[in-house]
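Inspection log for the structure reproduced underneath, given as structure tokens.
A, B, ... follow the sequence lines: proteins, then strands. Residue 1 opens every chain. All values below were derived from every heavy atom in this structure, side-chain atoms included, with hydrogens, water molecules and symmetry-related copies excluded.
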Amino acid sequence: MKEKYPFGEIEAKWQDYWEEQGLFHTDATSAEDKYYCLMMFPYPSGTLHVGHGRNYIIGDAVARYKKMRGLRVLTPMGWDAFGLPAENAAIKSGTHPRESTLQNIALMKAQLRSWGCCYDWEREVTSCLPDYYKWTQWLFLKFYERGLAYKKEAAVNWDPVDQTVLANEQVLPDGTADRSGAVVEKKMLSQWFFKITDYAQRLLDDLEQLDGWPERVKSMQENWIGRSEGARLNFTLVPREDGVADTSDVVPCFTTRVDTIYGCTYMVLAPEYPGIAEMVQGLPEEKSVMDFVQQAGRLSSIERTTEGDKNGVFTGRYVVNPYNGEQIPLWVGDYVLLEYGTGAVMAVPAHDTRDWAFAKKYKLPIRLSIQNPDQTLNVDEMEDAYVDDGIVVDSPPFSGMPNREAIPKMAAYAEEKGFGGPVIQYRLRDWLISRQRYWGAPIPIIYCDDCGMVPVPESDLPVLLPEDVEFKPSGESPLKSCAAFTQVDCPQCGKPARRESDTMDTFVDSSWYFFRYLSARDDTKAIDTELCDNWLPVDQYIGGIEHAILHLMYARFFTKAIHDLGLIHFEEPFKQLFTQGMITKRSEKDGQLYKMSKSKGNVVSPEELIREYGADTVRLYTLFIGPPEKEAEWNDAGVEGAFRFLRRLWRRVYEHRDLLRDAKTLQPDLQHMQQPERDLYRKLHESIRRITRDLEGDFHFNTAIAQIMELMNAADDIKVNNNSSDQVRAVFRETMETIVVLISPFAPHIAEELWQELGRAPSILQTEWPRVNEAALHRAQMEIVLQVNGKLRGRIMVGAEADQAAIEQEALADPQVQKWIEGKTVRKVIVVPGRLVNIAVS
RNA sequence: GCCCGGGUGGCGGAAUGGCAGACGCAAGGGACUUAAAAUCCCUCGCCCGUAAGGGCGUGCGGGUUCGACUCCCGCCCCGGGCACCA
């Protein structure tokens, strides 16, 4: 055994060993005691920094721990390999995305290996390879058959930098693209969507089952789905005086405040509302309306949706309020959004702040229909809308009701009379999945002049990406101009037709990869029903919080849709979700804390650290840095601390190597222990209990490691040498061996090496996790804290069997306590056995 | 505005309603050494005190309790999500 901790040497040795032995190669035919431990598969960007590393290190520690607990652990890994960065690089450098992606995968695989992270590589999936995307395309076809995939013309988000459309989820609240940072534009385009809105209610309801998910993530999804209950009301358009007929004479609107309908004094349409042009054609207002519509269309989505000045124009038309038959003016206003509800709003200025502002600006009438029961309102004296609850007034036959009670009654009334009824509205929009880019899975659709839109027959899958294409900086997808790709015969009629040249959003690829791991090499079907039913839902999913909405919502949607296809029989993919916090580092430039990124120049490269300290040190520090779900600041000095600890552990074993090996058969025996080894033995078993509890709960690696350090400190304090008693040596041996086992999920290389040095057979992964010896926890004497009026005044030792009365007596007799209760009246004495005595005096 | 988190030493952070600050980092002092590194020992919330000891202390203000970082009520601040969403 070497005196100095030879981390480089042993790490290479054990990485080879784990690989050769295939310790994480899991036979999935039996799912008994299964534990599916999944980490979000990475985009192969090239190299991972220590911030990325946290994810894999946490996952590896969990997998190793669960394996030692005797579970059948499945931990696969793969690559979310389609995506824009590779294609953008290709435009600049000319290297084909496939080539650069596969290169990056090789690099990152080596990185993961160098951290000691073990996976079942035989299940590796790579989403950009045909054996994977064939099945992504197949799922698309299944969705298409069921009407879940459809094409429509819509105002969509256009990223002018990446030259493609984006899903709503990929646009940040400030209106910029989450990937490129470009200001997103609105464009009317014909695009492919997945009908995720059909699943809005199920996605919302099933959040309740997800006890193992962080509250934060569930609340984010809830907000994103944005359910609101209200009513849909049809207003009829008053016919034109000139006798010109309207295409539609109904203007529906959505409201959550049907109780205020009698206060409605006008109606407002979104500028994009279909049919506005016909509605005003030939009227004196036509020009002003059309000018306004054009002007509003020029505004960016941010300008449009930022609260502020509200502009509008009268259309010259009127609609009828179905409740009271009143004719009210119809306006167009830029604060009304086409995408939400029906694109039309019934305006109640007295009870809505936005309508109030608009009515004031354009001098529209304001009428009260909810009265404040505490302070009578008068429209002329009001300074803003009254939006709180109250009593319905001037609304026959609903007057006098509390407004909350009136809402369902008034909605039901609309249904009765046939002009509307209660509805539920969601904020969630359908998922836009087509992208005008090359490096993605081609959408398997063919356009034929005669047959229209024709799905590619399943037997023709995959629709392969052509290899020989030119990457032009024009931003246009090379697929579009690749005749060999687009020109195709119609599968129905055989005439020349044209292929869809858009590819799918990469979030489609990542929405089902966790099913594919179960049958990664199966070229007969996408999903193995039996294996998935046995192994899923995933027992533990680990990844970054940045996917709280995007990936995690899409994957839930896919699971439900695939369930409805009958391919699986569960509806939620991830039982437990753990979202680790980001690693930040102070920028040397401005001293601010940032998430690690190349652009901020605050990236810590693991390679350098591994060279200097070894992978175990990086792992130990990463896990010790703080509670894993929280953000943590990387501190180079802290790495040094982790290294010192491992070096100390190595040295302790080295110093006592002969003694430890010789004591291999000595067993601790409580009957024959003296005080020092008895105390260490108790500490050992207390540590096992605490560490196990920390790992079983929410992965509190930081406190688990702290406990190992404490135990090590205690082991250092006991005097042990070859002349020590059998019990001292037995307890010391068991302590050192247990420390090695306990630390093995965190620092596996040193653990394997020391385990072997201690004369044990590898692999330590096949060792059982230590059990607590309850008898060891027992104390003959207990320290009792003495308080007077809740303040610490002393401490006494009492026998473990001492009864409350005896403890109380001893406490009161204590000289320290005497000093504080002298001359005062003891009102009450609380005795908490095994802990403390509190004496209340006055 | 609504919905989630969070606020504890110089720092990262610990604490089933029961000794606040475990563990680590940094800092200071000492030992070993020709020296350095490494290692080992001691101190380390703030204030008064040589010390023994005492007072204060977990964002702020109340409350419940023998006892509150922990529970309840009302605020302040920080982070995140949603938001002209009708």
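- As rounded to whole Å, 11 Å separates atom C1' of B/A37 from atom CD of A/Glu640.
- Each of A/Asp717 and A/Arg693 was matched to the nucleotide of RNA chain B holding its nearest heavy atom; the match closer to the 5' end belongs to A/Arg693.
- Backbone-only engagement by A/Lys791 is indicated by non-hydrogen atom pairs under 4.0 Å involving sugar-phosphate atoms exclusively.
- When heavy atoms are screened at a 4.0 angstrom cut-off, A/Asp352 is found touching no nucleic acid atom at all.
- Between A/Lys630 and A/Ala840, the residue whose closest nucleotide on RNA chain B is further toward the 5' end is A/Lys630.
- Among B/G13, B/C85, B/C40, the nucleotide with an atom closest to any side-chain atom of A/Arg427 is B/C85.
- In this structure, A/Arg216 reaches the sugar-phosphate backbone alone: every heavy-atom distance under 4.0 Å involves primed, P, OP1 or OP2 atoms, never a base.
- Computed from coordinates, the A/Leu428 CG to B/A83 P distance equals 12 Å when rounded to whole Å.
- Residue contacts for A/Glu783: at a heavy-atom cut-off of 4.0 Å it reaches a base atom on one of the strands shown.
- A side-chain donor from one of A/Arg227 and A/Gln201 sits under 3.5 Å from a side-chain acceptor of the other.
- Under the Watson-Crick and G-U wobble criteria, each requiring two contacts below 3.5 Å, nucleotide B/A26 is left unpaired.
- Within 4.0 Å (heavy atoms only), A/Arg793 reaches sugar-phosphate atoms of the nucleic acid but no base atom.
- Among the protein residues, A/Arg795 comes within range of the nucleic acid bases, having at least one heavy atom under 4.0 Å from a base atom.
- A/Asn223 contributes no side-chain N or O that forms a donor-acceptor pair with the base of B/C82 under 3.5 Å.
- Residue A/Gly341 is out of contact with every strand shown, counting any heavy-atom pair closer than 4.0 Å.
- The partner of B/U65, taking Watson-Crick or G-U wobble pairs whose two distances both stay under 3.5 Å, does not exist in any strand shown.
- Residue A/Pro214 is out of contact with every strand shown, counting any heavy-atom pair closer than 4.0 Å.
- Residue contacts for A/Gln787: at a heavy-atom cut-off of 4.0 Å it reaches a base atom on one of the strands shown.
- Nucleic acid contact class of A/Asn789 (heavy atoms, under 4.0 Å, all strands): none.
- Residues A/Arg779 and A/Glu686 are paired through a salt bridge, judged by an N-O separation under 4.0 Å between the basic side chain and the carboxylate.
- Aromatic rings from A/Trp431 and A/Phe507 are positioned such that their centres are separated by 6.0 Å or more.
- A/Trp224 has no side-chain polar atom (N or O) that falls below the 4.0 Å cut-off from OP1 or OP2 of B/G80.
- Base pairing of B/A51: no nucleotide in any strand meets the Watson-Crick or G-U wobble criterion (both distances under 3.5 Å).
- Closest contact between the side chain of A/Val785 and the listed nucleotides B/A86, B/C19, B/G12 involves B/C19.
- Nearest to the side-chain atoms of A/Lys310 among the listed nucleotides B/C84, B/C23, B/A83 stands B/C84.
- Per the geometry, CD1 belonging to A/Ile225 stands 15 Å off C1' belonging to B/C85, to the nearest Å.
- If you check every strand for non-hydrogen atoms under 4.0 Å, A/Asp355 touches nothing.
- When only modelled atom types and interatomic distance are considered, A/Glu640 and A/Tyr613 share a side-chain donor-acceptor pair under 3.5 Å.
- The pairing partner recorded for B/C2 is B/G81, the criterion being a Watson-Crick or G-U wobble arrangement whose two distances lie under 3.5 angstrom.
- The phosphate of B/C23 has neither OP1 nor OP2 within less than 4.0 Å of any side-chain N or O from A/Asn702.
- Within the 4.0 angstrom heavy-atom criterion, no nucleotide atom of any strand lies near A/Trp356.
- An anti base is found at B/G57: its glycosidic angle is more than 90° from 0.
- For the pair A/Glu272 CD and B/C84 P, the interatomic distance rounds to 14 Å; values are reported in whole Å.
- A/Asp636 places its CG atom 14 Å from the C1' atom of B/A26, with the value rounded to the nearest Å.
- Counting any heavy atom pair closer than 4.0 Å across all strands shown, A/Glu633 reaches no nucleic acid atom.
- In summary, the aromatic rings of A/Tyr323 and A/Phe419 are positioned with their centroids under 6.0 Å apart.
- Atom CD of A/Glu169 is separated from atom P of B/G81 by 14 Å (rounded to the nearest Å).
- For A/Trp820, counting side-chain heavy atoms from C-beta on, the closest listed nucleotide (B/C84, B/G55, B/U16) is B/G55.
- Nearest to the side-chain atoms of A/Leu792 among the listed nucleotides B/C19, B/A86, B/A15 stands B/C19.
- Nearest to the side-chain atoms of A/Val336 among the listed nucleotides B/C40, B/A86, B/C3 stands B/A86.
- Proximity note for A/Ile549 (side chain, C-beta onward) versus B/G81, B/C66, B/G55: the nearest is B/G81.
- Side-chain N/O atoms of A/Arg644 include one lying less than 4.0 angstrom from OP1 or OP2 on B/C25.
- Proximity note for A/Ile830 (side chain, C-beta onward) versus B/G24, B/C84, B/G18: the nearest is B/G18.
- A distance of about 15 Å separates the C1' atoms of B/U70 and B/G21, rounded to the whole Å.
- Which of B/G81, B/A86, B/G24 sits closest to the side chain of A/Arg648 comes down to B/G24.
- A side-chain N or O of A/Glu169 and one of A/Trp224 form a donor-acceptor pair less than 3.5 Å apart.
- Considering A/Leu792, A/Leu836, A/Asp814 as possible partners of A/Leu786, the one that fulfils the side chain to side chain contact (heavy atoms under 4.5 Å, CB included) test is A/Asp814.
- Here, B/C76 and B/C60 have their P atoms 15 Å apart, quoted to the whole Å.
- At a threshold of 4.0 angstrom between heavy atoms, the contacts of A/Leu836 include nucleobase atoms, whether or not backbone atoms are also involved.
- Base-pair partner of B/U39: B/A31 (Watson-Crick or G-U wobble, both distances under 3.5 Å).
- Residues A/Asn311 and A/Lys361 have side chains in contact (heavy-atom distance under 4.5 Å, counting atoms from C-beta outward).
- Between A/Gln580 atom CD and B/G5 atom C1' the separation is 17 Å, expressed in whole Å.
- When distances run from any side-chain atom of A/Ser228 to the nucleotides B/G5, B/C25, B/A86, the shortest one goes to B/A86.
- Contact annotation: A/Thr703 does not reach the phosphate of B/G13 (side-chain N/O to OP1 or OP2, under 4.0 Å).
- Remark: B/G57 base-pairs with no nucleotide in the shown strands. Criterion, Watson-Crick or G-U wobble with two distances under 3.5 Å.
- For the pair A/Arg648 and A/Phe645, the cation-pi criterion (under 6.0 Å, within 45° of the ring axis) is not fulfilled.
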